[in-house]
Amino acid sequence: MKANNLTQSWHLLLFIVYLISSNALANNKQSSNSSITLENVSYGEHKNQILDFRKADVDSLAPLVIYIHGGGFTGGSHDKVNPRKVKRFLDAGIHHISIEYRFLKHANFPAQHEDVIRALQFIRSKAKEWGINKNKIAAYGGSAGGQLVAYLAWHDDFADVKSDDPISRESTRLIAVAPRAVQSTIDLSWWHENIPGYLKSFHKQFWQSDGEPKHNPEQSKLIKELSIINHISADDPPTFLSFSSSPGEPIPNKNKRKLKGWVTHHVNFGLALEKELKAKGVETHLKYPKNKAGFADDIEFLIHHLNK
């Protein structure tokens with residue numbers, strides 16, 4: 001998962017330009033500090049490699065749900081979670097952890113992905129101490145956070161059973177995942193062909209005069225690795241996808257900033273993911289306005305699978 005500085009810098013700019021996650025998540029970010037059991041627990045050496053643990057009122061090992069915030073990999077906070085969602089999990093006997101990770105100003109890609117991998121492995125290493133059933137862990141998050149939880153859920157297990165480090169030997173598999181407003185791919189050619197309203201002028205520095213994208217083979221390799229749709233396989237966990245836009249709805253042309261945000265979180269990403277997941281036989285639910293998804297929302301879906 002390592003890339004040279006040129007490749008990482010190129011992708012740093014790419015994500016800053018088009019991951020407008022903070023706008024999409026602003027209405028759902030609220031502080032919920034009152035129920036924190038363990039605050040700012042370090043899972044690494046960087047100041048951002050921390051997590052908050054909220055323990056459910058249970059006597060035995062209980063399931064856990066992990067929240068990863070969005071913010072375009074440039075902002076957001078692990079301590080800004082929706083208190084109503086946290087309460088629903090805790091009331092259902094499910095522990096809750098919110099993870100912080102390094103932003104692009106701290107480290108280029110794929111540092112953010114490496115952080116959440118390490119955080120999940122660290123959490124599993126604390127399972128007995130914290131009262132967690134390590135076989136019942138799920139995750140949710142939006143936009144950039146949705147990409148990170150999907151990367152964990154759909155990627156092959158990162159456990160290194162031969163490692164001298166006991167934390168690295170822990171699994172990164174999840175039993176359910178709920179990404180929201182997530183991008184299926186970071187291949188801009190796919191965006192141009194499949195996302196209505198997408199304009200090459202949004203990212204003109206990444207397109208050549210002949211209309212072809214500007215990237216070399218090494219950059220293409222990184223694009224493939226970080227595009228979550230490429231990791232879907234038959235053994236992936238049940239998935240609940242949610243989007244605020246609907247197929248065929250009018251393009252919001254009046255405001256360019258609104259248009260870019262709308263494009264970045266378009267439901268067509270979800271339709272592509274749904275198609276690939278279902279083709280692999282993975283239980284999949286896609287929720288968007290006027291479309292029923294089998295569960296009322298991502299919380300109901302996750303509680304169902306964690307308490308089965």
Side-chain angles (χ1 to χ4, degrees), residues 1 11 15 19 21 63-70 73 97 99 101 109-121 123-124 134-160 168 170-187 190-191 194 220-243 264-288 293-295 298 301-302 304-306 308:
M1 293 177 60
H11 280 86
F15 271 85
L19 284 183
S21 308
L64 167 72
V65 67
I66 293 171
Y67 171 70
I68 305 179
H69 70 82
F73 300 103
I97 284 179
I99 293 174
Y101 50 92
F109 293 109
Q112 297 69 34
H113 301 71
E114 293 170 344
D115 281 0
V116 298
I117 290 167
R118 183 66 177 183
L120 177 51
Q121 292 176 317
I123 290 164
R124 274 203 162 95
K134 64 165 48 179
N135 296 317
K136 285 195 170 185
I137 300 179
Y140 71 112
S143 198
Q147 284 206 344
L148 292 172
V149 300
Y151 188 79
L152 289 172
W154 300 338
H155 202 286
D156 292 342
D157 199 335
F158 285 98
D160 182 358
S168 295
E170 294 286 352
S171 173
T172 56
R173 297 298 282 172
L174 301 169
I175 69 163
V177 66
R180 178 168 46 86
V182 68
Q183 298 79 29
S184 58
T185 179
I186 59 172
D187 180 352
W190 190 93
W191 287 42
N194 294 279
S220 297
K221 183 178 179 180
L222 187 57
I223 289 172
K224 182 178 180 180
E225 171 64 23
L226 299 185
S227 294
I228 53 177
I229 196 168
N230 295 326
H231 298 294
I232 293 172
S233 57
D235 62 345
D236 288 340
T239 297
F240 186 97
L241 302 162
S242 53
F243 290 80
T264 301
H265 303 96
H266 197 275
V267 69
N268 281 3
F269 291 117
L271 292 170
L273 289 170
E274 179 190 42
K275 181 179 179 180
E276 185 66 18
L277 286 160
K278 287 188 171 181
K280 294 294 195 298
V282 177
E283 177 191 338
T284 308
H285 306 270
L286 174 60
K287 181 178 177 61
Y288 53 82
F295 293 88
D298 52 350
F301 165 81
L302 292 170
H304 168 79
H305 282 286
L306 285 168
K308 284 178 67 174

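Of all non-hydrogen atoms in Leu306 and Pro63, the two that sit nearest each other are O-CG, 3.3 Å. Closest heavy-atom contact between Leu302 and Ala178: CD1-CB, 4.0 Å. Residues Ser143 and Val182 approach most closely at O-CG2, 4.0 Å, considering heavy atoms. Across all their heavy atoms, Ile229 and Ala272 have their closest contact at CD1-O, 3.8 Å. Counting all heavy atoms, side chain and backbone alike, Ala150 lies closest to Val177 at N-CG2, 4.3 Å. Considering every non-hydrogen atom in both Leu174 and Ala139, the closest pair reads CD1-CB, 3.8 Å.
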Side chain to side chain contact (heavy atoms under 4.5 Å, CB included), that's the test. Do Ser227 and Gln183 meet it? Break it down for me. CA-CA 8 Å; Ser227 294; Gln183 298 79 29; over 6 Å; no

Give the intermediate values and the outcome of side chain to side chain contact (heavy atoms under 4.5 Å, CB included) for residues Tyr151 and Val116. CA-CA 9 Å; Tyr151 188 79; Val116 298; 5.6 Å; no

Verdict with supporting geometry, Ile232 and Leu273, side chain to side chain contact (heavy atoms under 4.5 Å, CB included): CA-CA 9 Å; Ile232 293 172; Leu273 289 170; 4.0 Å; yes

Begin from the C-alpha positions of Ile186 and Gln147 and carry the test side chain to side chain contact (heavy atoms under 4.5 Å, CB included) through to its verdict. CA-CA 11 Å; Ile186 59 172; Gln147 284 206 344; 4.2 Å; yes

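The shortest distance between side-chain heavy atoms of Pro179 and Phe240 does not fall below 4.5 Å. Counting heavy atoms from C-beta outward, Trp190 and Ser184 have side chains that approach closer than 4.5 Å. For the pair Asn135/Ile175, no side-chain contact is recorded, criterion being any heavy-atom separation below 4.5 Å from C-beta on. Contact check for Val282 versus Trp154: no side-chain heavy atoms found under the 4.5 Å cut-off. Within the 4.5 Å cutoff, no side-chain heavy atoms of Leu148 are placed close to those of Ile99. The shortest distance between side-chain heavy atoms of Gln121 and Thr172 falls below 4.5 Å.
In this structure, CZ on Phe73 lies 6.0 Å from OH on Tyr101, to the nearest 0.5 angstrom. Note that CZ of Arg180 is 12.0 Å distant from CG of Leu241, once rounded to the nearest 0.5 Å. Rounding to the nearest 0.5 Å places CD1 of Ile97 at 6.0 Å from CD1 of Ile66. Here the CD1 atom belonging to Ile228 is positioned 10.0 Å from the CZ atom belonging to Phe269, to the nearest 0.5 angstrom. Summarising the geometry, atom CG belonging to Asp115 is positioned 12.5 Å from atom CG belonging to Leu120; distances are rounded to the nearest 0.5 Å. Taking CG of Leu64 as the reference point, atom CD1 of Ile123 lies at 6.0 Å (rounded to 0.5 Å).
Under the salt bridge (Lys or Arg N to Asp or Glu O under 4.0 Å) criterion, Lys134 pairs with Glu170, sequence neighbours left out. Checked against salt bridge (Lys or Arg N to Asp or Glu O under 4.0 Å), Lys275 has no partners two or more places apart in sequence or in another chain. Under the ring pair (Phe, Tyr, Trp, His ring centres under 6.0 Å) criterion, Phe295 pairs with His285, Phe301, His304, not counting sequence neighbours. Remark: Asp235 pairs with Arg173 by the salt bridge (Lys or Arg N to Asp or Glu O under 4.0 Å) rule, at least two apart or across chains. Asp298 meets the side-chain hydrogen bond (donor to acceptor under 3.5 Å, both in side chains) test with no other residue; sequence neighbours excluded. For Lys221, there are no salt bridge (Lys or Arg N to Asp or Glu O under 4.0 Å) partners at least two apart in sequence or on another chain.
Between the side chain of Asp160 and the main chain of Ser168, no donor-acceptor pair closer than 3.5 Å is present. The main-chain N or O of Thr264 is never found under 3.5 Å from a side-chain atom of Trp191 such that the two would form a donor-acceptor pair.
Residues Phe243 and His265 place their aromatic rings such that the two centres sit no closer than 6.0 Å.
Residues Glu225 and His113 bring no donor and acceptor atom of their side chains to less than 3.5 Å of each other.
Ion pairing between Glu276 and Lys280 holds under the 4.0 Å rule for side-chain N and carboxylate O.
Relative orientation of the Phe158 and His155 rings is parallel, given thresholds of 30° and 60° on the angle between their planes.
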